[in-house]
Amino acid sequence: MSFVRLLPLLLLIPALALADSDKNFKIQSSQFTAGNIIEPIADMAITVDGKVVVSQKPSFPLKDNRMYLRHKMGPKEYQWVSGVVHPQNFKKLHTYSLAENHLTLKEVVKLRFYGTQNAKAFQDETDIYFDKSYIYSPRIPKMFFIKNGRWQLLKETENPGVIQVKGDAYRDLSVSSLKFSTKGGKKLFAPLNPATYSVNFTAPGYLPVVEPAVVKAGEVTVMTPNLPRLDPVPVNKVFTTVTEGEAEMTDSLEDTEALFDKFTADIQKNVALVNLDDFEKVYPPMKDASAIGTLPSDAGYKDYVERYNGKKAEAKILWRNSKMAGVSEVNEAFQKQFAKQQSPSKDLELVPASVEPVQGLKGANSKQVTEVKMTFGKNKERVDFAWTGVVLGVPADSVYAWLKDNNGKIKITAKLANNKPVWIYAGSDVPTRHHYRYVKMDFTVDGTVHAGQGDFVLPEYIKNEPEVKAWLDSIAENPIQEQSAEKKEVVKAKDAEIPDVIPAMNVPRVMRDRIHGNVALIDSGTFRYKGRVVSLSPYAIMTTEFTQKMFDNTMNKLDSAKRVVNKPTYKHPQKPVHNITWNDARFVCQTLGGDLPTEAQWEFAARADNNEGAIWNLDDAQDPGVYAVYRDNSFDTPKGGPEYGPQVVSSKKSNAWGIFDMSGNVAEWTRDKYFMFSIWVEPSNPTGAMMGSTYVYKGGSWKDKEKKLNVTDSDDEDPRYWSESIGFRCVYPINIIKE
């Protein structure tokens with residue numbers, strides 16, 4: 001046999017060797033030992049508590065401002081220890097961002113990492129560090145791992161920085177920013193991305209201050225706060241009609257606010273008794289941008305200016321109150337009431353002030369109501385916002401009609417994360433207060449609660465308040481997830497499970513389009529594909545396989561000479577099209593203004609922003625039958641029975657993005673060519689091999705065993721090939737679906 005004929009077989013041998021090797025390159029939970037004393041490790045990047053370092057089982061979630069070391073003792077023994085960052089040794093580490101590498105803590109803690117792709121399974125690195133956002137190696141600048149049967153490379157990033165606070169002069173010093181907070185002993189904060197931070201310092205008996213900190217890559221920024229002392233001896237007697245007992249007995253937040261306004265009005269009458277020039281002499285001035293090594297245009301510096309001004313105003317009130325007898329006790333009673341009454345979440349039952357339909361903009365769908373826009377409250381009222389979206393499970397045109405007629409068929413509830421409004425000042429007065437911490441809309445229709453899926457829009461005068469902007473920024477980075485009581489109990493019972501730390505991509509909005517069917521509107525994103533992180537532009541993909549009913553409707557609109565003939569073995573209007581060639585499947589999609597998905601588009605939608613090839617691996621009970629029609633529940637059943645063959649689409653559970661049957665039922669054609677020697681993967685919108693005469697199909701079918709259902713795997717066939725186990729779904733430009 002010639003070498004040329006042997007070459008494909010030789011190339012296949014490494015692939016076969018890795019085919020089922022993922023598990024050999026992972027660490028099992030049982031391999032982490034506890035209770036063993038760890039010998040001293042040179043240049044350890046953490047400082048541990050106590051003199052003796054004892055290993056523990058990994059405990060999750062990982063804590064803020066802690067670093068974790070996974071130390072290898074033998075081929076199947078690992079030790080786990082945590083501590084605070086050792087600043088000097090931390091600077092020596094090679095750093096890999098979880099977010100940039102599209103990985104999660106749930107994966108990386110149990111992955112083995114290597115300095116070369118030639119390593120055997122047991123030849124992984126001895127020491128690997130973790131925190132909530134990064135992986136670190138003390139030895140090698142490149143790290144490899146095995147995932148979905150492929151060697152994959154971690155992309156190195158610049159080291160994060162550290163803030164070290166020297167505040168031993170203050171008892172119970174509290175330190176906080178948008179990225180971290182602590183009270184008491186902690187003085188090191190890491191990892192911190194290079195940026196300008198606004199850090200708030202408070203301590204009993206002192207005025208609060210905000211200081212800027214410019215954090216640089218791999219560097220330690222030392223902060224020594226200077227808090228002015230509060231004079232505990234008042235010098236002026238203030239007359240107020242509000243007593244401490246009255247402040248403690250208010251029934252509602254609104255009552256507390258009204259009484260507090262009366263209290264502050266009394267105080268204002270006594271302002272002239274206090275010389276505010278003395279305050280300016282003791283309070284630290286705002287730092288210039290040039291003095292801290294940044295520019296006035298830097299977003300972090302602008303944030304510092306806003307926060308400094310707000311904290312200075314608060315400090316001025318505290319300082320003034322400290323000079324006036326009879327004020328502190330009453331003010332403290334108010335602050336306790338506000339803390340108690342603002343903390344709980346709150347449900348607001350609302351009636352919209354106005355309702356508008358949002359209609360499609362293209363073709364025959366132009367008059368169809370796709371969403372509903374509602375406004376609530378009036379300008380400057382406590383409730384003043386707009387919401388645009390859909391009610392899951394209820395047609396948008398029905399929602400609009402019922403609300404427009406004001407027939408009481410729908411009850412609307414807006415949920416607040418907590419009951420804290422923003423106070424908008426006019427001088428020292430607070431003429432208006434406004435809710436802004438909206439997180440969820442629920443709609444009760446005929447006694448059944450339906451979740452709303454849409455966007456809250458605050459008016460500019462509320463949104464531009466620094467407090468509101470800070471909160472909006474914080475939930476953008478860490479979205480608030482609403483959970484049912486049942487779900488909360490499940491999470492509580494699984495405290496040891498590792499949560500994902502990468503904010504999940506926004507769940508695509510699913511829309512019903514009369515022409516294109518149910519589609520998921522997928523925003524641009526990145527994911528780990530064929531061993532590297534790639535990016536995709538926005539697109540829309542059908543949430544189900546192309547059904548026989550939709551196929552007939554599409555063909556009936558064409559001239560008879562152009563029609564593709566539907567020839568199903570298993571005929572049913574809601575079963576997927578099968579027995580169709582690649583050529584015909586693509587023609588059908590193009591007839592509707594779309595195309596077959598690229599392999600990357602198909603796989604991104606199938607995996608729903610995670611790295612697992614089988615989505616049931618994310619479940620406690622890993623049962624493919626929950627999600628897939630496959631050999632065990634179809635092909636192996638009695639021939640001719642109702643369960644034999646492909647089933648109606650969406651008969652099984654969807655993935656996290658509401659997309660059905662990506663594993664099983666029928667395999668699906670993609671747009672990509674296949675070529676054995678193609679190894680190049682484009683970094684943006686990959687399109688498969690440039691050469692080749694066959695086309696990729698994915699997902700496995702009703703005839704396949706579980707191992708063929710992995711969505712990262714693929715097969716290929718001649719574009720003229722057809723089979724009762726291959727069908728398709730289409731993708732579309734997002735602008736022909738989204739208004």
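Under the 30°/60° scheme for interplanar angles, the aromatic rings of Trp423 and Phe338 are found to stand perpendicular. Ring pair Phe180/Tyr197 is tilted by interplanar angle, where 30° to 60° counts as tilted. Relative ring orientation between Phe385 and Phe456 is described as tilted, the plane-to-plane angle lying within the 30° to 60° band. Using cut-offs of 30° and 60° for the angle between ring planes, the His435 and Tyr438 rings count as perpendicular.
Nearest heavy atoms, Val53 versus Val48: CG2-CG2, 3.2 Å. Smallest separation of non-hydrogen atoms from Val210 and Tyr308: O-CD1, 4.0 Å. Ser345 and Lys415 make their closest contact through OG-NZ, 4.4 Å (heavy atoms, listed as atom of the first residue, atom of the second, distance). Of all heavy-atom pairs between Val330 and Glu244, the closest is CG2-N, 3.9 Å. The shortest non-hydrogen separation linking Asn419 to Leu253 is O-CD2, 3.2 Å. Of all heavy-atom pairs spanning Asp384 and Glu381, the tightest one is CB-O, 3.8 Å.
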Could you walk me through whether Arg70 and Asp127 pass the salt bridge (charged side-chain N to carboxylate O under 4.0 Å, His left out) check? CA-CA 6 Å; Arg70 190 182 77 193; Asp127 293 319; over 6 Å; no
Working note: Thr196 + Asp303, criterion side-chain contact (heavy atoms from CB on, under 4.5 Å); need CA distance, chi angles, decisive distance, verdict. CA-CA 9 Å; Thr196 302; Asp303 178 70; over 6 Å; no
Phe376 vs Trp387, ring pair (Phe, Tyr, Trp, His ring centres under 6.0 Å): CA-CA, chis, key distance, verdict: CA-CA 8 Å; Phe376 297 91; Trp387 185 86; 8.1 Å; no
Audit row: Arg66, Asp131, salt bridge (charged side-chain N to carboxylate O under 4.0 Å, His left out) steps and yes/no: CA-CA 7 Å; Arg66 300 285 286 185; Asp131 57 35; over 6 Å; no
Checking Val165 against Ile163 for the side-chain contact (heavy atoms from CB on, under 4.5 Å) test, could you report, in this order, the C-alpha distance in whole Å, the side-chain angles of both residues, the deciding distance, and whether it holds? CA-CA 7 Å; Val165 176; Ile163 287 180; 4.1 Å; yes
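At a threshold of 4.0 Å, the pair Glu467-Arg307 does not count as salt-bridged, since none of the basic side-chain nitrogens sits closer than that to a carboxylate oxygen. Using a cut-off of 4.0 Å between Lys/Arg side-chain N and Asp/Glu carboxylate O, Lys72 and Glu125 are scored as not salt-bridged.
When side chains are defined from C-beta on, Leu472 counts as touching Lys463, because their heavy atoms get closer than 4.5 Å. With a 4.5 Å cut-off on side-chain heavy atoms, Pro194 and Lys216 do not count as touching. Residues Tyr283 and Lys312 meet the side-chain proximity criterion, which asks for heavy atoms closer than 4.5 Å. In this structure, the side chains of Met67 and Val84 stay at 4.5 Å or more apart for every pair of heavy atoms. Considering only heavy atoms from C-beta on, Glu332 stays 4.5 Å or farther from Gln335 through its side chain. When side chains are defined from C-beta on, Val81 counts as touching Ile46, because their heavy atoms get closer than 4.5 Å. At least one side-chain heavy atom of Leu348 sits under 4.5 Å from a side-chain heavy atom of Val383. Looking only at side-chain heavy atoms (C-beta outward), Tyr436 and Pro459 stay at 4.5 Å or farther from each other.
Atom-to-atom distance recorded for Lys187:NZ and Asn65:CG is 12.0 Å, nearest 0.5 angstrom. Note that CZ of Arg139 and OG1 of Thr126 are 7.5 Å apart. Values are rounded to the nearest 0.5 Å. How far OG1 of Thr202 is from CG of Asp172: 9.5 Å, rounded to the nearest 0.5 Å. Between the CG atom in Leu173 and the NZ atom in Lys166 there is a gap of 14.5 Å [rounded to 0.5 Å]. Between Asn464 atom CG and Ile462 atom CD1 the span is 10.5 Å, to the nearest 0.5 Å. The CG atom of Leu98 lies 5.0 Å from the CD1 atom of Ile135; values are rounded to the nearest 0.5 Å.
The 12-atom threshold is not exceeded at NZ of Lys336, counting heavy atoms of other residues, nucleotides or ligands nearer than 6.0 Å. Atom CE of Met249 has 12 or fewer heavy atoms from other residues, nucleotides or ligands within 6.0 Å. Within 6.0 Å of the CD atom in Glu156, the count of heavy atoms belonging to other residues, nucleotides or ligands exceeds 12.
Because its NZ or CZ atom is both nearer than 6.0 Å to the ring centre of Tyr461 and within 45° of the ring axis, Lys380 counts as a cation-pi partner of that residue.
No side-chain donor-acceptor contact under 3.5 Å links His94 and Asn159. Looking only at atom types and distance, the side chain of Asp266 has a donor-acceptor partner in the side chain of Thr241 under 3.5 Å away. Defined by atom type and a distance below 3.5 Å, a donor-acceptor pair is missing between the side-chain atoms of Thr413 and Asp347. Checking Lys110 against Ser29 by side-chain atom types alone, a donor-acceptor pair falls below 3.5 Å.
Within the 3.5 Å criterion, the main-chain N or O of Phe90 finds no donor-acceptor partner in the side chain of Tyr129. Between the side chain of Ser198 and the backbone N or O of Tyr304 there is at least one donor-acceptor pair closer than 3.5 Å. A donor-acceptor distance shorter than 3.5 angstrom exists from the side chain of Asn309 to the backbone of Val305, with no hydrogens or angles considered. Remark: the backbone N or O of Ala339 is not paired with any side-chain donor or acceptor of Gln342 at under 3.5 angstrom. Looking at Tyr96, its side chain does come within 3.5 Å of a backbone N or O of Pro141 through a donor-acceptor pair. Asn89 places a side-chain N or O within donor-acceptor distance of the main-chain N or O of Met44, the cut-off being under 3.5 Å. Side chain of Tyr170 to main chain of Leu227: a donor-acceptor pair is present (N/O by atom type, distance under 3.5 Å, no hydrogens or angles). Not one N or O on the side chain of Asp288 forms a donor-acceptor pair closer than 3.5 Å with the backbone of Ala291. Judged by distance alone, with hydrogens and angles left aside, the side-chain atoms of Tyr301 form no donor-acceptor pair with the main-chain N or O of Leu295 at under 3.5 Å. Put simply, the side chain of Lys91 never gets that close to the backbone of Glu219: no donor and acceptor are under 3.5 Å apart.
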Let me have the donor-acceptor pairs involving side chains of residues 257-264, under 3.5 Å, with sequence neighbours excluded, atom names and distances please.
residue, atom, partner, partner atom, Å
Glu257, OE1, Arg382, NH1, 2.9
Glu257, OE1, Arg382, NH2, 3.3
Glu257, OE2, Arg382, NH2, 3.0
Asp261, OD1, Arg433, NH2, 2.7
Asp261, OD2, Arg433, NH1, 3.1
Thr264, OG1, Phe260, O, 3.2
Thr264, OG1, Asp261, O, 2.9

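Listed by chain and residue number, nothing satisfies the side-chain contact (heavy atoms from CB on, under 4.5 Å) test with Pro344 (two or more places apart in sequence, or in another chain). Annotation: side-chain contact (heavy atoms from CB on, under 4.5 Å) contacts of Ser97 (sequence neighbours excluded): Ala99, Glu100, Tyr134, Thr157.
Tyr68 has its ring centre less than 6.0 Å from the ring centre of Trp80.
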